[in-house]
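Below, all heavy atoms of this structure are taken into account, side chains as well, without hydrogens, waters or symmetry copies. Numbering starts at 1 and runs along the sequence shown.
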Amino acid sequence: MIKVSPSILSANFVDLKPDIEIAQKGGADLLHIDVMDGQFVPNLSFGPGMVEAIRPITSMPLDCHLMIENPERFVTQFCQAGADIVGVHVESTPHIYRALEMIKQHGVKAEVVLNPGTPISLVEDVLPIVDQVLVMTVNPGFGGQKFISQMLPKIQRLNQLRQTGENNFTIEVDGGINDENVASVYKAGADIAVAGSYVFNSEDPVAQIKKLKTRTTD
């Protein structure tokens, strides 16, 4: 069964606590926090302060996805704010190894993120040190986009790579996930599915989370 990580990008920013409680009631496994700087992606969102505010109101792991230029500048702040996982894009820094090491030095799980047009070859050298790989199945920056099915072979290839050598990471997918495609990403090898608008823009978020899990029941 796939794990589900609702993205608060589609939640009620004015009062997040009820939506977080709804996510927990639905059986969500993690909480996805999309951090955008208006430069690496054409949108602005949350900073470390949001993570710090959320940390006391949920026991769910906080998965912070940094869609920002030169993420090394803010890694320490997000780790200290209470992040359990910090993800950095390989495209966002010339020092991806350093950024990932910084995360791990704080005792936080390190995740490397791949945009749809980025080949796996660019991250193969860091796979032995990462805890998680996030495959973007939309172009990052906005919620509500259509799932790019051409990313399924990338998920399959990552699944193959972690079965060899020193690689030991989970695979997360983010973008356009719904009950029609979640089974295909799970079959390809994904462990975690991020879902934002599918969950929080629905009339029954609890049912939506449960539906994603049901579609991937072993």
Side-chain angles (χ1 to χ4, degrees), residues 1-7 9-10 28-36 40-41 43 61-68 71 83-93 96-97 99-100 103 109-165 167-199 212-213 215-216:
M1 182 183 296
I2 203 162
K3 292 183 177 180
V4 177
S5 181
S7 170
L9 189 63
S10 299
D29 302 280
L30 306 89
L31 198 63
H32 198 79
I33 302 173
D34 289 302
V35 180
M36 298 181 278
F40 182 67
V41 292
N43 201 357
L62 302 183
D63 182 1
C64 297
H65 174 194
L66 307 190
M67 290 174 271
I68 62 178
D84 296 283
I85 305 167
V86 172
V88 291
H89 278 257
V90 65
E91 310 90 355
S92 70
T93 173
I96 187 63
Y97 201 100
L100 294 167
I103 297 167
K109 291 183 178 180
E111 171 186 75
V112 67
V113 190
L114 291 163
N115 278 339
T118 303
I120 293 173
S121 59
L122 289 187
V123 300
E124 284 196 55
D125 286 346
V126 301
L127 290 180
I129 70 165
V130 301
D131 301 288
Q132 190 160 287
V133 178
L134 172 55
V135 176
M136 293 302 300
T137 46
V138 297
N139 292 302
F142 295 95
Q145 298 183 64
K146 185 178 179 181
F147 175 79
I148 302 174
S149 61
Q150 290 86 347
M151 295 303 102
L152 290 172
K154 183 181 287 187
I155 300 167
Q156 292 171 337
R157 176 57 180 154
L158 282 166
N159 191 31
Q160 292 170 351
L161 286 171
R162 68 175 169 180
Q163 296 174 28
T164 61
N167 302 324
N168 183 25
F169 53 83
T170 53
I171 300 172
E172 184 175 52
V173 293
D174 182 3
I177 298 298
N178 57 40
D179 58 287
E180 295 180 356
N181 56 40
V182 69
S184 64
V185 299
Y186 181 64
K187 184 178 180 180
D191 305 289
I192 305 167
V194 176
S197 56
Y198 174 80
V199 172
L212 292 177
K213 288 177 170 284
R215 292 286 191 273
T216 59

V138/M151 under side-chain contact (heavy atoms from CB on, under 4.5 Å): CA gap, chis, key distance, verdict: CA-CA 9 Å; V138 297; M151 295 303 102; over 6 Å; no
Tightest non-hydrogen contact, residues F169 and V133, listed as CD1-CG2, 3.7 Å
Does M136 offer a backbone N or O that forms a donor-acceptor pair with the side chain of K154 under 3.5 Å? no
Can you check side-chain contact (heavy atoms from CB on, under 4.5 Å) on V88 and I103, steps first, answer last? CA-CA 10 Å; V88 291; I103 297 167; 4.2 Å; yes
Please test D179 against K213 for salt bridge (charged side-chain N to carboxylate O under 4.0 Å, His left out), starting from the C-alpha separation and ending with a verdict. CA-CA 9 Å; D179 58 287; K213 288 177 170 284; over 6 Å; no
Who are the salt bridge (Lys or Arg N to Asp or Glu O under 4.0 Å) partners of K109, not counting sequence neighbours? none
S184 and L152: which non-hydrogen atoms are nearest, and at how many Å? O-CD2, 3.7 Å
Nearest-0.5 Å distance, CD1 of residue I85 to CG of residue L31: 11.0 Å
Looking at every heavy atom in both V185 and V182, which two are closest together, and how far apart are they? CG2-O, 3.1 Å
Side chain of D84, backbone of L62: donor and acceptor closer than 3.5 Å? yes
Any donor-acceptor N/O pair, S7 side chain to G196 backbone, under 3.5 Å: no
Would you find a donor on one side and an acceptor on the other, under 3.5 Å apart, between the side chain of N178 and the backbone of E180? yes
Which atom names give the shortest non-hydrogen contact between A190 and I155, and what distance separates them? N-CG2, 3.7 Å
For F147 and G176 the tightest heavy-atom approach is CB-O, 3.4 Å
Shortest non-hydrogen contact between L127 and L161, atoms and distance: CD1-CD1, 3.9 Å
Side-chain donor/acceptor of D29 to backbone N/O of V4, under 3.5 Å: yes
Any E111 side-chain heavy atom under 4.5 Å of D63 side chain: yes
Between H32 and D34, do the side chains contain an N or O donor and an N or O acceptor separated by less than 3.5 Å? yes
With no hydrogens and no angle check, is any side-chain donor or acceptor of T216 less than 3.5 Å from a backbone partner on I2? yes
Taking atom types as modelled, find out whether D191 and Y186 have a side-chain donor-acceptor pair closer than 3.5 angstrom. no
Which distance, rounded to the nearest 0.5 Å, do you find between the CG of L122 and the CG of L114? 8.0 Å
